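As a basis for the values below, the full set of heavy atoms in this structure was taken, side chains included, without hydrogen atoms, waters or symmetry mates. Numbers restart at 1 for each chain; the letters A, B, ... are given by sequence-line order, proteins then strands. Computed from a predicted structure; not experimentally measured.
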Number of protein chains: 2
Amino acid sequence: MAAVELGNSAEPQTQAARVFDQMRADILSCRLMPNERLRMEALRARYDTGTSPIREALMRLHAEGHVVLEQNKGFRVTPVSHATLIDLTRTRIEIEQIALRWSIENGDVEWEANLLGAFHRLSRQPKTDPDKPGEINEAWRREHRTFHNALVAACGSPTIMNIRSGLYDQAERYVALSVTSSIKARDDVAEHELLMNTALERDTPGAMDAIRAHFSATTDKVALTVAADGQIAGADKEVVS
Amino acid sequence: MAAVELGNSAEPQTQAARVFDQMRADILSCRLMPNERLRMEALRARYDTGTSPIREALMRLHAEGHVVLEQNKGFRVTPVSHATLIDLTRTRIEIEQIALRWSIENGDVEWEANLLGAFHRLSRQPKTDPDKPGEINEAWRREHRTFHNALVAACGSPTIMNIRSGLYDQAERYVALSVTSSIKARDDVAEHELLMNTALERDTPGAMDAIRAHFSATTDKVALTVAADGQIAGADKEVVS
DNA sequence: ATCAACAAGATTTTCGAAAATCTGTTGACA
DNA sequence: TGTCAACAGATTTTCGAAAATCTTGTTGAT
């Protein structure tokens, strides 16, 4: 009766967990657009499973703030707004500063080594996809996340790390919305290098400034895409199977 | 089959939502003890509903960190530990400082008035239950929460407020564990008054110190109850119907 | 005496249909 | 012509049983 128990990656997963992961990825990458209605029937077809796992996944996504829910009116992908983006950024700056401050205090040689490695890998990745220009390079996104994780990895507080990754997820959605816009410009590498160097030199005030600058710059770019008043183009539509 | 449809407060609720609220309250107050196993059958009996609503509620509680889940081995109330309490407190101090700092910057007359009112109501509540000494006064707990909310109500950041209330919930569980211990001692009123006054005077540095002191003091009391190494007495048991 | 394999029991997880709820439209009445 | 009530269709929510999975206790071989 032994299923594929081997170590592909994480096969022995429950249905609901699989749907949760996939759906979450779909939302964060905006394959499911903000404010899009999520109908049971459509989702069941899309993820090929029963209603219970779908419902469970939606409930978890709801608790994490990725979908909203109205009584007996079903689920929607959490809408985006200019105000939310501003608030999110402001908060992220604060949280990230805490994490980095603690990381600088606690970081050991291992942390330094990992950080250097993560920066190197990131700096060698092109930001835009070589094949499909205008789209973001998937590998770059992975390395970018890894770099920022490495930066605060030594912070030593699971609670802060949890909060931080939740906020990172939220922000990722806004970035995904803006990929169609111009991606080029802006010297990311220099910003990341500054972050790394101030951290390695244990220059806490400098690192705090670098964090603020980096996040502000990112947001300014993204904010252009999200209309100051309301919705994003393409929302309100149904699930695309 | 018609249940109690009357309008106590917010009746027209979905089953799962009701179970979620009740169960959450049971966990935060430690009527469901840390690390306690949560069996479907027992929960269905306890909350008088089907498996689906229970499962949904558990999933949401899982996402909020109130229960943990192992593949095909069911759910447990999230365990407590000394280390977690320390980390939680450290983080709460930082978050609360941010919220209060912003609140002091943005607070208007309305905010000041509410804060004064909340403090007054809190100061007039006895901390221990007049009937059952040794147990915390339910009204006091409500007013206490209200006061701390009022303190940061003007912070203007939904994101920070969300994070904050999540941490408050987590902490509440630890406080509930320690109620059986000595509650008396320690001049809460003075601490809260100091918090209020520094805030009203827009003395941000003073308020930051007051926050740190207040949270540290609370935790020191609670920490005595949670063994430095491991579990709390009475855990590991089953659901008590 | 120790360990592995097996079987019975208990528990979680999933499914599909039934029940409850909401939305939009039609038609009657003022 | 405008308002309201009732109906029909669509959707969410719940239930109870079936399927899959894990745990525990027993047997048999080394």
Side-chain angles (χ1 to χ4, degrees), chain A residues 1-8 10-23 32 35-63 66-78 236-241, chain B residues 1-7 10-23 32 35-63 67-78 236-241:
Chain A
M1 204 52 80
V4 199
E5 302 222 354
L6 287 177
N8 272 356
E11 271 287 357
Q13 224 184 4
T14 182
Q15 283 283 52
R18 176 182 65 81
V19 175
F20 174 75
D21 288 341
Q22 289 185 13
M23 202 141 137
L32 293 174
N35 210 40
E36 180 171 341
R37 187 133 182 240
L38 300 169
R39 286 218 178 71
M40 275 299 164
E41 185 53 39
L43 293 175
R44 251 180 38 195
R46 176 168 178 149
Y47 297 105
D48 187 36
T49 186
T51 60
S52 304
I54 297 282
R55 202 146 222 294
E56 279 183 34
L58 284 168
M59 236 43 192
R60 267 177 80 182
L61 290 167
H62 170 56
H66 297 309
V67 307
V68 294
L69 132 75
E70 291 171 298
Q71 287 284 359
N72 293 318
K73 286 172 68 180
F75 298 82
R76 282 177 179 277
V77 178
T78 302
D236 272 51
K237 66 177 179 181
E238 300 293 310
V239 175
V240 223
S241 87
Chain B
M1 202 49 85
V4 200
E5 304 224 354
L6 287 176
E11 270 291 357
Q13 223 182 4
T14 181
Q15 261 320 22
R18 177 183 64 83
V19 175
F20 173 75
D21 288 340
Q22 288 185 15
M23 202 140 136
L32 293 174
N35 210 42
E36 181 172 339
R37 186 127 183 245
L38 300 168
R39 286 218 176 71
M40 276 297 167
E41 185 53 38
L43 293 174
R44 251 180 40 195
R46 177 169 179 149
Y47 298 105
D48 186 38
T49 187
T51 59
S52 303
I54 296 282
R55 206 152 214 305
E56 279 183 34
L58 284 168
M59 237 41 191
R60 263 177 84 182
L61 290 167
H62 170 56
V67 306
V68 294
L69 133 74
E70 291 170 297
Q71 285 285 356
N72 293 317
K73 287 172 66 179
F75 298 82
R76 282 176 179 277
V77 178
T78 303
D236 271 51
K237 64 178 181 181
E238 299 292 310
V239 174
V240 223
S241 88

message: Just the rounded figure in Å: distance from P of dT14(D) to CD1 of Ile54(B).
response: 11 Å
message: Please tell me if Thr49(A) has a side-chain N or O lying less than 4.0 Å from either OP1 or OP2 of dC15(C).
response: yes
message: Can you confirm whether Thr14(A) sits close enough to Glu56(A) that some side-chain heavy atom of one is under 4.5 Å from a side-chain heavy atom of the other?
response: no
message: So Phe20(A) and Met59(A), do their side chains get closer than 4.5 Å, heavy atoms only?
response: no
message: According to side chain to side chain contact (heavy atoms under 4.5 Å, CB included), who are the partners of Thr51(B), at least two apart in sequence or on a separate chain?
response: Arg44(B)
At a cut-off of 3.5 Å, list every protein nitrogen or oxygen paired with a nitrogen or oxygen from nucleotides 9-13 of chain C, distance to 0.1 Å.
residue: dT11(C); atom: OP1; partner: Arg39(B); partner atom: NE; Å: 3.2
residue: dT12(C); atom: OP2; partner: Met40(B); partner atom: N; Å: 3.2
residue: dT13(C); atom: OP1; partner: Asn72(B); partner atom: N; Å: 2.9
residue: dT13(C); atom: OP2; partner: Arg55(B); partner atom: NH2; Å: 2.3
residue: dT13(C); atom: O5'; partner: Arg55(B); partner atom: NH2; Å: 2.6
residue: dT13(C); atom: O3'; partner: Thr14(A); partner atom: OG1; Å: 3.0

Shortest non-hydrogen contact from Arg46(A) toward Leu32(A): NH1-CD2, 3.3 Å
- request: Taking all non-hydrogen atoms of both residues into account, name the closest pair between Ala57(A) and Ala16(A) and its distance.
  value: CB-O, 4.0 Å
